[in-house]
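The block underneath contains the structure these notes are about, expressed in structure tokens.
Bear in mind that the values here come from a model prediction, so they are computed numbers and not experimental data.
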2 protein chains.
Amino acid sequence: MNRHNPDFSSILKELGLKETPKRRAILEILAAEPGFLSPEELWRTLKARFATIGLPTVYRNLGELADGGVISTIIHPNRHLYYYFCTRVNGHHHHFICTSCRRVEDIPECSVSAMEGEIIARNGGAITSHIVQLNGLCSDCLAGVTE
Amino acid sequence: MNRHNPDFSSILKELGLKETPKRRAILEILAAEPGFLSPEELWRTLKARFATIGLPTVYRNLGELADGGVISTIIHPNRHLYYYFCTRVNGHHHHFICTSCRRVEDIPECSVSAMEGEIIARNGGAITSHIVQLNGLCSDCLAGVTE
DNA sequence: ATCCTAAAGGGAAATCATTTCGTTTTGCGC
DNA sequence: GCGCAAAACGAAATGATTTCCCTTTAGGAT
Ligand SMILES: [Mn+2]
Ligand SMILES: [Mn+2]
Ligand SMILES: [Zn+2]
Ligand SMILES: [Zn+2]
């Protein structure tokens, strides 16, 4: 039930998604991966396990799982899609991504929620969502650079 | 020199960009716009002023100006490009965007910089940049919805 | 165990925002 | 004014992502 042993059956059931071999494989691969993956990279890994699997299947599943909050998207300067296994049910949090090795680390505290109140008080309106992502070098990559 | 009367000549000179009529028009249109624009929308406006202007010219200029920090990009769920006039020289800050009318408002305080220190202390590594964007409804759109 | 049906997958093709390319024009320092 | 690098043109290419239509499958009901 932790990051490397989540209960995929329950997760999919709650989302109303059928538990198919490919869907499960997508979750397994993502959950085992310390960094974010592109749909195409995931597809290459999947093709080693399945005789036939289409790229549209990968896109479709990633989209559904992201909508369901089981995986999260990464914002990349190249504006391509990247996904990371991180369920929303772990509570609201954000991510630090290493631009060198792609590793993703959780940032448990959310800096925005604390100030939402005063922002609304000042500007009016309503905040429905927010995006926070820290980019940089993880400790390993930083050590490699400065070594 | 405020938002609606910036010194485009100086800005472009500092960036080492020539002051062409089209480049100036792009800045003027963006600076007069309260919300974010797509390259294509900007192009349509520009075509009213110039007999010929290519979409690649718009993309190229937007890219250069964003690289130079004169305009900033908006993160949109549809993953298309949107730009907003907001110079980096105004100091580090972030934006609240109205998902209904596209209005952009500055958020002067940065919630992330305060916590960067402890994040690094905990995880190691180095933070090189961060993304923060608040999405919601501006006061006008909220009033319209609830009226 | 078999049926049934909506959901899922396959694969080829389309989409279309964005970029590239080769050529022509233009800003601007001298 | 000259010269040249930067800028703009426009047609064409690119390629990540989506659409389409047909086939297969998961899983609840009989
Ligand atoms: Mn996470
Ligand atoms: Mn701003
Ligand atoms: Zn948050
Ligand atoms: Zn900030």
Side-chain angles (χ1 to χ4, degrees), chain A residues 7-30 36-68 70-71 73-83, chain B residues 7-29 36-68 70-71 73-83 102:
Chain A
D7 183 353
F8 295 135
S9 294
S10 304
I11 291 175
L12 293 176
K13 195 152 293 179
E14 275 177 34
L15 294 180
L17 297 173
K18 292 183 179 177
E19 185 176 354
T20 68
K22 285 162 186 174
R23 189 120 70 195
R24 193 165 348 95
I26 287 173
L27 285 173
E28 285 168 5
I29 293 168
L30 280 175
F36 54 85
L37 291 176
S38 73
E40 178 130 15
E41 288 161 348
L42 191 53
W43 183 45
R44 282 204 292 272
T45 307
L46 286 161
K47 281 198 286 191
R49 288 210 216 173
F50 296 94
T52 68
I53 179 166
L55 193 46
T57 297
V58 179
Y59 273 94
R60 185 177 347 99
N61 273 285
L62 289 173
E64 292 162 343
L65 294 171
D67 287 348
V70 185
I71 63 180
T73 59
I74 299 296
I75 296 171
H76 198 279
N78 70 10
R79 308 191 329 100
H80 291 178
L81 282 170
Y82 293 93
Y83 291 97
Chain B
D7 183 354
F8 296 135
S9 294
S10 305
I11 290 175
L12 292 176
K13 197 152 290 178
E14 275 178 34
L15 294 180
L17 297 173
K18 292 183 180 175
E19 185 176 354
T20 69
K22 285 161 186 176
R23 188 121 69 197
R24 193 164 350 94
I26 288 173
L27 285 174
E28 284 166 7
I29 294 168
F36 53 86
L37 290 176
S38 73
E40 178 131 12
E41 289 161 348
L42 191 53
W43 184 46
R44 283 203 291 271
T45 306
L46 287 161
K47 281 197 287 192
R49 287 210 216 174
F50 297 94
T52 68
I53 179 166
L55 194 46
T57 297
V58 179
Y59 272 94
R60 187 179 345 98
N61 273 286
L62 289 173
E64 291 163 345
L65 294 171
D67 287 349
V70 185
I71 63 180
T73 59
I74 299 296
I75 295 171
H76 198 280
N78 70 12
R79 310 194 321 102
H80 291 178
L81 282 170
Y82 293 93
Y83 291 96
R102 293 176 163 202

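Rounded to an integer number of Å, the gap from H76(B) NE2 to dA17(C) C1' is 14 Å. Going from atom CG of L65(A) over to atom P of dA8(C) covers 10 Å, rounded to whole Å. Taking atom CZ of residue F50(B) and atom P of nucleotide dT26(C), one finds them 12 Å apart after rounding to whole Å. The CD-C1' distance, from E40(B) to dC16(C), rounds to 10 Å in whole Å. In this structure, W43(A) places its CH2 atom 15 Å from P of dG15(D), rounding to the nearest Å. Atom CD of E41(A) and atom C1' of dT17(D) are 15 Å apart (whole Å). Per the geometry, CG belonging to L27(A) stands 15 Å off C1' belonging to dA8(C), to the nearest Å. The CZ atom of R24(B) sits 14 Å away from the P atom of dA7(D) (whole-angstrom rounding).
Of the possible donor and acceptor atoms, one in the side chain of R79(A) sits under 3.5 Å from a partner among the backbone N and O of R79(B). No donor-acceptor pair closer than 3.5 Å links the side chain of W43(B) to the backbone N or O of S38(B).
Taking the side chain of R60(A) as heavy atoms from C-beta on, and the options dA16(D), dG10(C), dT18(C), the nearest nucleotide is dG10(C). Closest contact between the side chain of Y59(A) and the listed nucleotides dA6(D), dG10(C), dT17(D) involves dT17(D). Here the side chain of P56(A) is nearest to one of dG9(C), dA12(C), dA17(C), namely dA12(C). Picking from dT18(C), dG10(C), dA7(C) the nucleotide with the shortest atom distance to the side chain of I53(A) gives dG10(C).
Across the interface with DNA chain D, nearest-nucleotide mapping of G16(B) and R79(B) shows G16(B) to be the residue nearer the 5′ end.
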Polar atoms only, N or O, under 3.5 Å: list the protein pairs with nucleotides 22-26 of chain D and their distances.
unit_1	atom_1	unit_2	atom_2	d
dA26(D)	N3	K18(A)	NZ	3.2

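At least one side-chain heavy atom of Y59(A) sits under 4.5 Å from a side-chain heavy atom of L81(A).
The pair R23(B)-E28(B) does not meet the salt-bridge criterion, since no charged nitrogen lies less than 4.0 angstrom from a carboxylate oxygen.
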